[in-house]
Number of protein chains: 2
Amino acid sequence: MAEAAGVSRTTVSFVLNDRPGAAISETTRQRVLQAAATLGYVPSPEARALKTGRSDIVLCLLPDWPITGPLGVLLKKLSAHLAEAGLTMFSHQRNAVDDLTQVLQSTTPAAVVAMCDLTPAEAAFAQQRGVHLVAWMGVIPGYPDEAGLRQSDVGRLQVSALAGLGHERVAYVLPHDTDLAWFSDPRRDGASERAAELGLAFEHVRLTDDVGSTTGLVDGLTTSGTTGVCAYNDEVAFSVVKAAQRLGREVPRDLSVVGVDDSVIGRLSEPSITTVSFELAHEAENLAALLAVGRNLPARSSARPAEVIRLVPRASTAPPGRA
Amino acid sequence: MAEAAGVSRTTVSFVLNDRPGAAISETTRQRVLQAAATLGYVPSPEARALKTGRSDIVLCLLPDWPITGPLGVLLKKLSAHLAEAGLTMFSHQRNAVDDLTQVLQSTTPAAVVAMCDLTPAEAAFAQQRGVHLVAWMGVIPGYPDEAGLRQSDVGRLQVSALAGLGHERVAYVLPHDTDLAWFSDPRRDGASERAAELGLAFEHVRLTDDVGSTTGLVDGLTTSGTTGVCAYNDEVAFSVVKAAQRLGREVPRDLSVVGVDDSVIGRLSEPSITTVSFELAHEAENLAALLAVGRNLPARSSARPAEVIRLVPRASTAPPGRA
DNA sequence: GCTCCTTGGTAACACGTGTTAGTAATACGT
DNA sequence: ACGTATTACTAACACGTGTTACCAAGGAGC
């Protein structure tokens, strides 16, 4: 394109990249910019990536499940922050067919943020390709977890909330959908740990495909003396509440329920459902800064928020047996 | 890498790409594959893309909102299908900062499927770069809509369902979240059109941020004689049902409600909520075939399903006034 | 006038691949 | 024995960019 502007290709490169040490007269500079504008010229991303060794892409590796709730919002914000730094964010949902090794044969991103666990082979492959790896909610062998948030902490907070009200027998209710196992299992394990620390009785059950069977499951829990239930999310919490009500039990008098996500369904439920809310607004900034190292991005927000998860007390929890 | 296998680079390229017209002895072929395996060699995606003019990426351009429900499932399936064809699917949520023009400066994908509307400038830019554009649920100036699904059809189906039961005054209830406008407006407009065709009275209201105000909105609807409500989705439908019940109205006797998405909340609601379900399983195949033209993908599924949306009758709808 | 330094710019290499054209060796037909 | 066809392979170019090394012109210092 430069040739059409009466100047060498090198000069164009210098102008467009604002090369620090280069000496370009203002007139030439303007001529180049003018020509680029009229021709609609943009550099080839592949050639640039080939030469520099990495592209402008930040790959967001997600677990194999539909994105919704607070995490969806985080992705949106992260994408916007990265765009300001000149980086383009792509998402890629984890998939049975192609792992990170396969994906990296389609592009060489500037960075990969792992929101799901990576195998040592995947990590090694990315490292060999010179790809910047960031573990955020996902575990990468040999890398520190950059997330202020562990799924197990969610479970721990739920149990702590119930324990604070005096409950001594608690249970965790998992969703039917096994796609969610990657999220639900750590939450349950965190809850289990916390219950053990506090000396509470703990058990867990998983919902089945059949909606009607939830009633039986909840009946089993209450008859065994459980007074507090941690649900995987507000949707599961809602179905537990419904089942308890079908059984003639009253929430929270006979059974306290804690959900996760602070979603509309929990707010509209009767009684409204105590839940765990995510405060991910600052995390998006932090992550962006972490990914765009060496880019012109506003400095990483000074302090990490002490807690990225927060309990939202509502009507579905109370001391056991209307103490 | 080839040099380490005692063979020329060209031969490596021929072997790894299974070049049709090439003559390679079996021993050499094995030697190359062996060397590639031991060295862990994979071709540079950028160099390949630079040479061939396009990469293995299928970019999925999404509207600016969190993905959930049936569309999330579709994306997952599409990604798997494309992976089988050797293509890697990335998603990119529409963003205020970077439009398609910006994105295409980070990579040159094999194809872009537009699930949101594109400006003429964006379409022209993609065309100039030789990117295969497919309009699926999104409008691209000058391109045919490949989706068997229009959002307006959802609204039309909802109104038709209510009309079939004898309702003569219907209303559309939109969600508060304006991020969803891209989806909700076409649904409302389709409903409006259908109502006009059938000679029904039609109006629409939008929920506000304040959950409590929903009661007032629903009260207004019923006092004005509305007997049937089409909700943007099951969540909105649920909140309408709750509001009606708070007002002492009975569903479906005093008010029929139709949602969208066939989600858990609608199934668990009392009464359960009549909804519109999406059958997108075949669409994923069709889309994949459309995107992977010239690739070794199983042929496009023979027949298009007649209907990709389907009404699921449940307890929240009945003839008006318990006819 | 000669050398040295700064300003403004360019020629040429390298990135790693796909592809075309070409070469050496062997087989085949007569 | 000679021309032709086939097999097996390779040299060399091109893709579009970033970057290093180099060159020309003009002024400053002596």
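The sequence lines fix the lettering, A, B, ..., with proteins before strands; numbering per chain opens at 1.
Evaluation of the salt bridge (charged side-chain N to carboxylate O under 4.0 Å, His left out) test over residues 41-54 of chain A, restricted to residues two or more places apart or in two chains, returns none. Sorted by first and then second residue, the pairs that involve residues 87-112 of chain A and meet ring-ring contact (aromatic ring centres under 6.0 Å, His included), not counting sequence neighbours, are A:Phe90-B:Phe90, A:Phe90-B:His92, A:His92-B:Phe90. The salt bridge (charged side-chain N to carboxylate O under 4.0 Å, His left out) pairs that include a residue from residues 108-127 of chain A are A:Arg94-A:Glu122, where partners are two or more places apart or lie in different chains.
When rounded to the nearest whole Å, the span between NZ of B:Lys51 and C1' of D:dC15 equals 5 Å. In this structure, the CG atom of B:Asn17 is 17 Å from the P atom of C:dG16, given to the nearest Å. Between the CG atom of B:Leu16 and the P atom of C:dT19 there is a distance of 13 Å, given to the nearest Å. The distance from atom CD of A:Gln128 to atom P of C:dG16 is 12 Å, rounded to the nearest whole Å. Look at CD on A:Glu46: it is 11 Å from P on D:dG16, rounded to the nearest Å. D:dC13 atom P lies 18 Å from atom CG of B:Leu50, rounded to whole Å.
Using a 4.0 Å heavy-atom cutoff across all strands shown, A:Val15 reaches no nucleic acid atom at all. Among the heavy atoms of the strands lying under 4.0 Å from A:Ser44 are primed sugar atoms or P, OP1, OP2 only; no base atom is included.
Dashed line: the shortest gap from a side-chain N or O of A:Arg19 to OP1 or OP2 of D:dT20 is under 4.0 Å. Between B:Arg54 and D:dC15, a side-chain N or O to OP1/OP2 separation shorter than 4.0 Å is absent. Under 4.0 angstrom from either OP1 or OP2 of C:dG18 there lies at least one side-chain N or O belonging to B:Ser13.
For A:Ala124, there are no side chain to side chain contact (heavy atoms under 4.5 Å, CB included) partners, not counting sequence neighbours. Residues that satisfy the side chain to side chain contact (heavy atoms under 4.5 Å, CB included) test with A:Ala47, not counting sequence neighbours, are A:Ser44, B:Leu50. Contacts of A:Arg19 classified as salt bridge (charged side-chain N to carboxylate O under 4.0 Å, His left out), with partners at least two apart in sequence or in another chain: none. Residues meeting the side chain to side chain contact (heavy atoms under 4.5 Å, CB included) test with B:Ser13, sequence neighbours left out: B:Asn17.
Between A:Leu104 and A:Pro109, the shortest heavy-atom contact is CD2-CD, 3.5 Å. Across B:Pro45 and A:Thr108, no two heavy atoms sit closer than the pair CG-OG1, 3.6 Å.
Summary for the helix from C:dG1-D:dC30 to C:dT30-D:dA1: the axes at its two ends, each from 5 pairs, differ by 50° when rounded to the nearest 10 degrees.
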Extract from the structure each pairing of a protein N or O with an N or O of nucleotides 9-12 of chain C at less than 3.5 Å, listing the distance.
{"residue": "C:dG9", "atom": "OP1", "partner": "A:Thr28", "partner atom": "OG1", "Å": "2.5"}
{"residue": "C:dG9", "atom": "OP2", "partner": "A:Ser25", "partner atom": "N", "Å": "3.1"}
{"residue": "C:dG9", "atom": "OP2", "partner": "A:Ser25", "partner atom": "OG", "Å": "3.3"}
{"residue": "C:dG9", "atom": "OP2", "partner": "A:Thr28", "partner atom": "OG1", "Å": "3.1"}
{"residue": "C:dT10", "atom": "OP1", "partner": "A:Ser8", "partner atom": "N", "Å": "3.4"}
{"residue": "C:dT10", "atom": "OP2", "partner": "A:Ser8", "partner atom": "N", "Å": "3.0"}
{"residue": "C:dT10", "atom": "OP2", "partner": "A:Ser8", "partner atom": "OG", "Å": "2.9"}
{"residue": "C:dT10", "atom": "OP2", "partner": "A:Thr11", "partner atom": "OG1", "Å": "2.5"}
{"residue": "C:dA11", "atom": "N6", "partner": "A:Thr10", "partner atom": "OG1", "Å": "3.0"}
{"residue": "C:dA12", "atom": "N6", "partner": "A:Thr10", "partner atom": "OG1", "Å": "3.4"}

